[in-house]
Enquirer: 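Take this structure, written in structure tokens, and hold onto it; I'll ask about it next.
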Amino acid sequence: MALEVESREEIVDERGNEVSELVINVGPSHPSTHGVCRVITHLDGEIVTKAEPVIGYLHRGIEKMAENRTYLQIVPLTDRLDYVGSMYSNWAYCRAVERLAGIRVPERAEYLRVIVCEMQRIASHMMSLGSAAGDTGAATMFIYAFDERERIVELFEELCGARLTYNYVRPGGVSYDTPEDWFDTLLEFTRKHRTALHEMDRLFFGNVIARGRMKGIGVLSAADAVGWGASGPVARGSGVNWDLRKHDSYSVYPRFDFDVPTGSNGDAYDRARCRLFECFESCRIIEQAVAQIGEGPFKAEGAPRLLKPRPGEAYDHIESARGSLGVYIVSDGSERPYRVKFRSPAFCNLALLPLLAQGHTLSDLVVILGSLDPVFGEVDR
Amino acid sequence: MNIQELRDHLCGQHPDLCPLFSIEFGDGVLQVDCETLYEAAENLQSLGFDRLGMLTAVDFGDHFEMVYRLTSRSMSVGMFLKCAVPRETPRTRSLVPLWPAALWQEREVYDMFGIEFDGHPDLRRILLPPDWVGFPLRKDYRDDRLIRRPDYI
Amino acid sequence: MALDNGARHDQVGAPERTPEVVPLSVNVSNEFSPGVKGFFQKWKSLATGIRITAGRAAAGPKTLRYPAEKVTLSDRWRGALRLRGVLGIDDIPILHEPSITHNALVDRLNREERLSPCMGNCPANVDARGQNYFMAEDRGPEAYELVRERNIMPGVLGRICHHPCESACRRNYYDEPIAIRPLHRLAYEAYEREKSSRLLPLPVTKSQKVAVIGSGPSGLAAAFDLMQLGYQVVAFEKEDKPGGALYSGVPSYRLPREVLHGEIDNLVAMRLDLRCGIEIGVDVPIDHLIGEFDAVLIAAGLQESRILPIPGADAKEGVVGALPFLKEANWKGDAGVKGKRVLVIGGGNVAVDCARCALRVGAAEVRLACLEGDQEMPCHPWEIEEALDEGVIAMCSLGPEEVLTKDGRVVGMKMRECLSVFDPVGRFSPQFGDNYSTFETDVVVFSIGQAPTLRDVVAGSDLVLTERGLLPVDGTLFTTDIPKVFACGEVVTGPGSAIGSIATGHEAATSIHRYLAGQSLQEDRTPRPVPIYAKYEKATLDGVEESRRRVVMPMAKPEARSEDFSQVELGLTHLEGLQEAARCLRCQSEVCVGCTFCARTCPDYAIQVERIDDPGGRRVTRYELDLTKCCFCGLCAEQCPTDALCHTGQYELSFYHRDLAVFDREEMLRSGAGTRATGQDGTHHIDPEEASLS
Amino acid sequence: MSGSVFTGYTGGLIWGLGGGLVIAIATLFGVWWERKVAGRIQMRLGPQTTGPFGLLQTVADMVKLLLKEDITPTQADAPVFRVAPLIVFVPIAMAVTVIPFAAGWAPLDTSVGMLFFLAVPSVSVIGILMAGWSSGNSYATLGGLRGAAQMISYELPRTLSVLSVVLLAGSLRPVEVMEAWRWWFIPLNGIGFLVYFISSVAECNRGPFDIPEAESELVAGYFADYSGIRWAIFMMSEYGGVIAASLFGAALFLGGWAWAPGLFGTAIFLLLTVVLVTAMIWIKWTFPRMRMDQLMNTAWKVLTPMALLQIAIIGVVIAWL
């Protein structure tokens with residue numbers, strides 16, 4: 001017999017029938033796990049009876065490493081948390097440090113942070129939508145989404161010299177001011193991006209096959225979303241209107257007019273389409289921010305090179321593309337933090353996978369995983 | 001709602017919790033005994049704190065401090081709930097029955113600090129391999145594989 | 001609040017705190033219509049998909065054909081790291097181009113971002129970076145000559161300068177600034193030892209003659225520049241001894257007279273024609289000079305102390321201006337205040353000098369009263385600190401109201417509380433309160449400003465003074481109404497620093513040279529650029545190793561030094577000077593000095609730097625970048641004070657062997673185009689075993 | 001032509017080998033064409049550096065695949081594992097032999113040509129099952145089972161859709177069907193063509209019906225463990241299936257050489273085939289993949305009734321004629 005015998009378990013279902021259960025490992029190297037996630041999947045035929053995520057393959061001990069580094073040296077580490085949205089981790093960390101050290105950030109820096117983070121949201125959502133489409137086999141939608149992301153990454157490259165790990169937001173400001181004509185290119189992009197978003201909406205979200213694949217899949221109730229600590233599009237897809245940009249309006253977000261897209265079914269489709277609509281809102285925010293941004297310093301003057309915040313603790317959070325990203329820092333007054341904790345939204349969202357995947361088919365498992373949009377750099381830290 | 005209003009609200013509803021509440025660095029902190037942690041959390045949940053945002057621990061040498069970040073959507077306010085866990089017997093009660101969000105986060109704290117949670121349905125290591133020895137985020141953790149930081153800053 | 005599946009956001013979680021931003025609903029759920037309509041919608045959605053892909057296909061490909069349409073990298077690209085230069089291998093660019101084009105040179109360096117902060121912040125752009133290099137190499141006389149290009153008397157300024165260079169020193173952000181000023185002094189001492197072989201008269205190559213009125217710092221600076229260019233220069237000094245304000249105004253506990261005169265003697269040895277005791281306008285009319293010389297430079301300085309026109313200020317005895325007071329104290333060692341109580345009005349450096357001199361000439365009690373609060377006193381903080389150490393009593397936020405006199409003798413001073421000195425815009429506009437206080441005193445020294453006395457100088461010429469007695473002078477060219485006559489120094493700028501006066505002297509010399517050579521005065525005469533670099537808070541010193549600390553200037557004991565006019569700052573030893581100069585980061589020189597700040601800031605400990613500091617053999621012995629650890633965060637290049645460490649656009653890094661990924665000093669110096677990674681440098685065929693041995 | 005080597009067993013052998021060769025060469029072209037079309041859809045250029053317009057890219061790929069190590073997993077049932085790709089490929093190569101390429105000529109002109117074309121490729125299912133099962137890999141097994149279910153399900157609507165043409169032409173011999181073909185077959189067989197086209201796509205395991213491979217779910221399905229030339233044979237079977245189905249569809253439903261006499265007609269026939277191949281490629285690169293149950297629903301609840309409806313229409317037409 002060719003097949004592994006131990007991967008099949010004879011179990012008895014509630015009616016007393018013998019069910020032959022197939023246990024397969026989805027991952028850790030599998031095209032649709034969006035990284036290195038392993039899901040031990042128990043299958044009855046094609047139906048998932050139990051899906052158990054096994055994480056930690058990308059665990060680098062960043063929280064431990066952070067205890068051994070100065071405050072500035074941690075910024076590049078945060079790049080490696082959510083490598084699809086490095087700006088968020090940068091910003092959340094810097095906000096906590098600024099709160100701890102009492103640094104006032106110049107207004108231009110705040111605007112630049114908002115602009116890059118909204119761009120990052122688009123880039124991250126494009127990645128998520130593209131790979132969610134790729135999970136359902138729509139390779140072309142994947143390319144279209146990545147094409148949009150590429151435009152943003154090019155802008156980032158011009159801004160800070162890196163395409164993925166930006167190390168751009170620093171305690172007290174940002175590392176570079178914008179190059180010449182950068183805002184013009186950005187506005188040109190948002191204009192074109194809207195058209196592309198409409199096109200992608202019709203190509204993928206309007207498609208009967210895509211709807212068939214995503215509607216009613218992995219339904220998450222609003223109560224579960226709150227209780228399980230889901231945030232970001234995962235919570236909003238279930239109709240939970242929870243967006244820190246509105247509810248704990250930080251930085252200069254109160255000055256912008258934007259909406260929070262919410263779903264009503266809580267299925268994979270609503271989660272994914274929430275992301276698409278958030279890209280529209282991000283375009284709006286970017287355009288308003290570019291209109292409002294003024295001249296001025298992009299870095300707080302008088303911040304020391306070697307930060308030594310007062311002893312104490314600070315928590316700050318921002319709305320990343322995946323949800324509320326919190327950073328908790330305990331300082332003992334030295335140049336290195338005593339404890340840094342990253343509350344990663346992807347980690348909390350991924351915990352929902354066993355709940356959502358049960359009873360769906362193996363094909364749906366990858367769709368559900370894709371709709372949770374985990375980034376394993378952030379899950380495993 | 002700001003922190004002061006939250007304090008008044010909390011004191012009005014639960015006078016026994018009031019003396020434990022303090023405001024540190026602009027955040028409300030409710031420091032409770034670990035024996036009464038579950039009840040306090042339950043009270044806060046009924047008060048409107050419906051989200052358990054973050055759950056972690058800090059090793060302060062002589063004791064661990066459990067830190068729970070609770071957020072209320074209806075009140076738009078967040079606060080900390082803390083309790084000190086003795087280092088010799090690192091046990092406390094699990095909050096999974098109140099918030100399933102604690103399911104994985106408590107596993108992570110167990111993984112990194114070795115704090116055990118009574119009532120947790122599935123307390124295993126989560127990020128590290130099951131055969132890992134030691135709890136890395138404890139300050140006394142030693143590992144030969146750790147690269148030593150150079151002496152200078 | 002109950003949350004049902006599908007609950008709409010406007011029923012849940014609307015924030016109370018910011019009700020004006022309650023989010024609008026954008027519902028993303030999207031259903032096909034039921035029934036037949038939905039059936040057609042489904043088929044239509046397929047057709048829509050085909051149409052969209054067809055549209056994209058028709059729009060044409062966006063692919064770039066590599067390498068024909070090679071992507072250009074952003075100039076901020078964080079590729080592999082390179083060193084532009086390394087100490088011990090690369091020569092150091094020092095400013096030794098002719099001083100007359102100095103401004104253009106500084107301008108160019110600024111454009112190239114190679115102007116160091118110390119040089120940029122110095123009014124005369126003294127090359128402190130180069131001085132520190134020579135000093136660390138134990139080449140003191142060369143350091144002296146380099147400094148002298150822009151700072152006519154390094155030995156003097158090394159004692160009295162207010163060192164804006166040290167305030168700008170980038171080491172402030174890491175630990176402590178370099179002791180640039182004490183190093184000037186050491187350079188002077190080294191030069192004095194080798195003077196005999198180095199000090200030669202400058203050749204006269206031009207026929208024109210220039211007269212300089214005044215032998216203060218600005219006049220001598222201009223004279224030296226012109227002498228270097230081959231002009232014959234004659235300097236006229238009204239007093240018996242040269243030095244101007246340095247001689248009459250600066251107390252000798254700060255500037256020993258033998259140093260000042262030694263420096264001026266050096267100039268004379270270089271063929272400066274110095275004629276003392278000749279007061280222009282009195283002994284010789286200025287018209288005579290204008291006729292006899294090809295150009296005349298007025299560098300007469302400020303001669304007169306202002307005295308406040310308050311009641312009692314005209315008292316016969318006990319009211320004195322700062323300059324006469326200092327002159328008396330400096331020259332005679334006695335200003336007639338022995339055993340008396342002295343009250344100095346003013347908060348500037350001159351006031352502090354007066355107070356400290358008064359102590360030294362035997363005053364029983366010295367008070368210093370100024371308008372400003374103790375945090376905003378215009379004098380340098382280290383000056384007032386030293387004065388307080390010596391026993392001066394400072395009284396801040398007090399405005400002089402009336403000098404109390406008795407029989408024409410001063411007996412006291414009535415002061416009024418001062419609430420604020422400057423208005424919100426920053427203009428001088430003191431606001432007084434209603435509290436008055438009275439102090440008993442015997443002598444009141446007014447040190448509230450100085451003014452030039454040019455009436456005698458310009459008498460009989462075509463030069464016209466303004467109503468306030470000032471000479472109208474162009475601020476950048478230093479020309480006056482008469483083409484032949486130029487002016488510089490405090491005559492032009494008003495009370496200022498010595499180094500600021502020297503800077504104007506250099507500028508005036510440039511103008512004179514161009515005037516005499518028949519060139520355009522205007523060309524390239526942009527205002528001096530001040531480079532803008534990132535500013536940080538001054539670093540705190542806890543955790544800083546002893547080897548990184550600034551050398552401590554030994555000082556005479558406060559109780560001893562208030563006795564006489566002996567020097568307060570005792571000076572550094574030769575060895576201390578070497579070590580201190582080696583601390584210099586050589587900012588913006590694009591040559592790595594092995595300061596280790598890149599290694600300290602690297603989050604991955606990928607960089608290892610070692611250097612040795614032997615004079616004559618200073619070099620970075622080791623610079624290793626482990627590319628297998630490097631995370632390309634760019635923090636090191638940002639930290640690099642010299643700009644030697646920079647990113648290249650090179651990012652395709654692959655090696656045969658791990659050891660090749662560790663870039664050593666030589667590899668770091670190669671340009672990005674020819675490296676091991678690209679295989680262009682000829683070492684790519686290195687046998688891995690061989691590489692691991694090396 | 002009786003007694004010629006081109007008939008009988010020798011003929012079958014010769015035409016079968018010839019068909020295999022044609023399929024192999026057509027596959028090279030087909031892969032290149034797919035990469036070009038897909039590239040265009042995705043705003044890319046596709047292969048462009050190897051040979052003119054990158055035409056030699058697939059040749060180079062084939063050489064590479066031939067040179068690659070042929071791996072048999074230790075868990076695999078080796079004999080079955082090795083023979084499975086051939087069992088998938090051979091029937092498809094055989095099926096090409098009955099296609100009427102030119103007026104009055106098909107390589108293998110048999111009276112049951114239509115049945116032959118429909119029945120012989122179905123043997124591939126066994127090969128797919130064998131490949132999936134013998135790989136000793138859960139993913140491959142799932143892929144094999146999915147493939148079997150899918151291909152068997154789509155046999156039915158496909159056969160029924162062909163039946164309508166057979167009814168109209170009154171013959172099972174492809175050459176005769178073509179001779180009986182008239183232009184009004186196209187509107188009459190519209191629904192049938194749609195059913196034939198969709199079920200052919202599904203039969204070839206192409207997107208949006210590439211469920212047995214389902215790269216994002218089953219990694220590569222039944223051929224997940226194959227490498228080198230055995231993997232290439234699977235790919236050749238897929239493209240061979242596409243080309244064979246397009247040839248057959250172009251002939252039966254679009255008229256093939258019936259539009260013009262002689263070689264000109266053959267040229268039109270090949271052109272129509274390319275159009276159908278392009279359409280299949282286009283669909284694959286536009287739509288997401290279906291799920292297994294949706295696929296089955298489509299086969300049994302949509303396509304089969306549609307094919308039956310088509311037969312009913314043709315029946316009425318014939319009765320009326």
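Chain A is the first sequence line, chain B the second, and so forth, proteins listed ahead of strands; every chain is numbered from 1.
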Enquirer: In terms of heavy-atom proximity below 4.5 Å to chain A, should Leu98(B) be classed as side chain, backbone, both, or neither?
Expert: neither
Enquirer: Give, as side chain, backbone, both or neither, the part of Phe60(B) having an atom under 4.5 angstrom from any heavy atom of chain A.
Expert: both
Enquirer: Against chain B, work out which of Leu350(A), Val54(A), Leu352(A) has the most heavy-atom pairs shorter than 4.5 Å and name it.
Expert: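 Most heavy-atom pairs under 4.5 Å with chain B: Leu350(A).
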Enquirer: Minimum heavy-atom separation for Ile55(A) to Trp104(B), with atom names?
Expert: CD1-CZ3, 3.8 Å
Enquirer: Counting heavy-atom pairs under 4.5 Å to chain A, which of Pro129(B), Gly78(B), Ala57(B) comes out on top?
Expert: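 Max contact count across the listed options: Ala57(B).
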Enquirer: Can you tell me which of Ala102(B), Gly53(B), Pro100(B), Pro136(B) forms the most heavy-atom pairs within a distance under 4.5 Å of chain A?
Expert: Pro100(B)
Enquirer: Looking only at heavy atoms, which two atoms of Ser231(A) and Arg51(B) are closest? And how far apart?
Expert: CB-NH2, 3.6 Å
Enquirer: Contact between Glu67(A) and Leu137(B) at the side-chain level, heavy atoms closer than 4.5 Å - yes or no?
Expert: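 Yes, at least one pair of side-chain atoms sits under 4.5 Å.
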Enquirer: What heavy-atom pair brings Arg381(A) and Leu127(B) nearest, and what distance separates the two atoms?
Expert: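 Answer, listing the atom of Arg381(A) first, then Leu127(B): NH2-CD1, 4.3 Å.
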Enquirer: Is the shortest side-chain heavy-atom distance between Arg69(B) and Arg343(A) below 4.5 Å?
Expert: no
Enquirer: Side chain, backbone, both or neither: which part of Glu108(B) has an atom under 4.5 Å from a heavy atom of chain A?
Expert: side chain
Enquirer: So for Leu58(A), is it side chain, backbone, both, or neither that comes closer than 4.5 Å to the heavy atoms of chain B?
Expert: neither
Enquirer: I need the minimum non-hydrogen distance between Ala101(B) and Gly229(A), along with the two atoms involved.
Expert: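 Smallest heavy-atom distance, with atoms named: CB-N, 3.6 Å.
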Enquirer: Stepwise, does the salt bridge (Lys or Arg N to Asp or Glu O under 4.0 Å) test hold for Glu65(B) with Arg339(A)?
Expert: CA-CA 12 Å; Glu65(B) 191 165 68; Arg339(A) 167 102 171 91; over 6 Å; no
Enquirer: Where on Arg124(B) is there a heavy atom nearer than 4.5 Å to chain A: the side chain, the backbone, both, or neither?
Expert: side chain
Enquirer: Taking all non-hydrogen atoms of both residues, which atom of Tyr338(A) and which atom of Asp59(B) are closest, and how far apart?
Expert: OH-O, 2.6 Å
Enquirer: Heavy-atom distance under 4.5 Å between the side chains of Lys64(A) and Met112(B), does that happen here?
Expert: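 They are not in side-chain contact.
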Enquirer: Check the surroundings of atom CZ in Arg104(A): do more than 12 heavy atoms from other residues, nucleotides or ligands lie under 6.0 Å from it?
Expert: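 No - once you tally the heavy atoms of other residues, nucleotides and ligands closer than 6.0 Å, there are 12 at most.
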Enquirer: Are side-chain heavy atoms of Ile126(B) and Phe347(A) found at a separation under 4.5 Å?
Expert: yes
Enquirer: Please classify the contact between Leu128(B) and chain A as side chain, backbone, both or neither, with a heavy-atom cut-off of under 4.5 Å.
Expert: side chain
Enquirer: Decide, yes or no, whether a salt bridge links Glu313(A) with Lys82(B) under the criterion of side-chain N to carboxylate O below 4.0 Å.
Expert: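 So Glu313(A) pairs with Lys82(B) through a salt bridge.
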